[in-house]
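In listed order, ligands and their atoms are each counted from 1.
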Amino acid sequence: MTAIWSVDAQRFYNNALKVIQNNQIMAVVKNNAYHYGLEFAVQQFLKAGINTFSTTSLREAVRIRQLAPDATIFLMNAVYEFDKVRDYQIQMTLPSLNFYYEHIEDLQGIQVHLEFENLLHRSGLKNIDEIREVIHHHMKNANKNKMHITGLWTHFGYADEFDVSEYNVERKAWLDIVSTLIDEDYHFEMIHAQNSASYYRENGVLENHTHARVGIALYGSRPYQTIDVDAIEQSLTVKGNVIQIREVNEGDYCGYSFAFEAKHDHTKLAVVDIGYGDGILKSRAKHEALINGKRYPIRALMMSHMFVEVDHNVHAQDEVILYNNDIRVDEFTFKCVGANSEQLSAMNHDSLIKEYR
Ligand SMILES: *Cc1c(COP(=O)(O)O)cnc(C)c1O
């Protein structure tokens with residue numbers, strides 16, 4: 001008995017089809033495909049009809065190229081290993097005016113996507129004048145081997161927020177830039193801006209855009225709560241096992257440092273073989289686990305164990321589910337445990353047994 005992290009491959013694939021619908025999707029596979037496994041995810045997405053991928057690391061981009069020789073691969077971070085970017089035909093962001101002027105020579109033969117900074121302020125050209133400056137300078141550059149401008153993109157920092165107006169602000173600023181450039185007869189092979197939240201908020205890909213750049217929905221979590229629970233399916237299961245059942249009495253403290261005080265006699269505690277060392281967040285342990293189809297409260301979290309308060313229906317060797325499609329990562333996101341990607345990223349892939357079924 002060891003705690004297990006497992007993915008149902010069929011369900012993962014079905015979910016990808018559900019998310020894609022009839023839209024052109026650029027699958028975000030950064031951080032080892034949100035820790036679902038880069039190779040697994042790329043293969044499933046290819047099968048589901050996606051042939052455009054993006055990530056933040058060149059190492060992953062090269063790996064994608066090996067898995068998908070014909071794919072379009074977009075690197076969302078600028079890097080300085082220009083030869084490698086060129087050799088593996090990775091398309092790359094152009095993150096600033098400075099970067100452009102400093103690396104005009106280095107960028108020869110590389111396909112770049114002009115990035116608009118917008119409200120996130122993480123990267124990108126500051127405004128439409130900077131975008132035009134690059135395009136005009138580039139048009140006058142007589143070097144036959146100069147870079148190629150193939151894309152225009154931005155990233156929304158507030159698409160997942162509903163209580164503030166910033167999404168509408170960044171959305172409008174961006175759409176104005178896109179339509180102005182199109183009116184001025186500039187052409188881009190690819191225009192992309194939307195993460196999962198924006199993709200669902202807009203009911204698909206925005207006008208004039210070629211792709212939505214979707215991550216978390218493809219990994220089975222809803223970016224916000226009002227999306228129908230059946231629209232996105234979670235293929236991941238994380239579970240441990242009941243090692244034994246202990247009985248404690250009123251006033252007994254259980255776990256380290258008085259973690260839990262029994263409220264009545266004959267309290268049954270299941271000792272479970274999964275803990276924060278396996279990646280279960282402390283905030284997650286304030287909620288429940290699923291045993292034999294019923295939810296029971298977690299009472300204490302330790303490195304490789306937890307206590308779950310149970311009843312007479314629970315026995316040694318029963319499975320204790322922390323996450324599956326009935327007790328989903330996104331449920332706990334909406335209960336403020338942490339972002340979907342934060343809960344997924346916490347998982348310890350060295351201590352959990354990994355299975356694809
Ligand atoms: C992570 C990321 C995405 C995907 O966001 P989700 O909310 O997971 O869909 C899109 N674009 C950029 C730039 C990102 O860093």
Report yes or no: does [X] contribute a side-chain atom to a donor-acceptor pair with the main-chain N or O of [Y] at less than 3.5 Å?
X: K239; Y: L290; result: no
X: K146; Y: H138; result: yes
X: R65; Y: Y88; result: yes
X: R63; Y: E39; result: no

Is the shortest distance from a Lys or Arg side-chain nitrogen in E202 or R171 to a carboxylate oxygen in the other one below 4.0 Å? yes
Using a strict threshold of under 4.0 Å (side-chain N to carboxylate O), is an ion pair present between K294 and D311? yes
When you pair each N or O of ligand 1 with protein N or O atoms, which pairs come out under 3.5 Å?
from: ligand 1; atom 1: 8 (O); to: Y34; atom 2: OH; distance (Å): 2.5
from: ligand 1; atom 1: 8 (O); to: I216; atom 2: N; distance (Å): 2.8
from: ligand 1; atom 1: 9 (O); to: S196; atom 2: N; distance (Å): 2.8
from: ligand 1; atom 1: 9 (O); to: S196; atom 2: OG; distance (Å): 2.6
from: ligand 1; atom 1: 9 (O); to: G215; atom 2: N; distance (Å): 2.8
from: ligand 1; atom 1: 9 (O); to: I216; atom 2: N; distance (Å): 3.4
from: ligand 1; atom 1: 11 (N); to: H155; atom 2: ND1; distance (Å): 3.3
from: ligand 1; atom 1: 11 (N); to: R213; atom 2: NE; distance (Å): 3.0
from: ligand 1; atom 1: 11 (N); to: R213; atom 2: NH2; distance (Å): 3.1
from: ligand 1; atom 1: 15 (O); to: K30; atom 2: NZ; distance (Å): 2.7
from: ligand 1; atom 1: 15 (O); to: R122; atom 2: NH2; distance (Å): 3.4

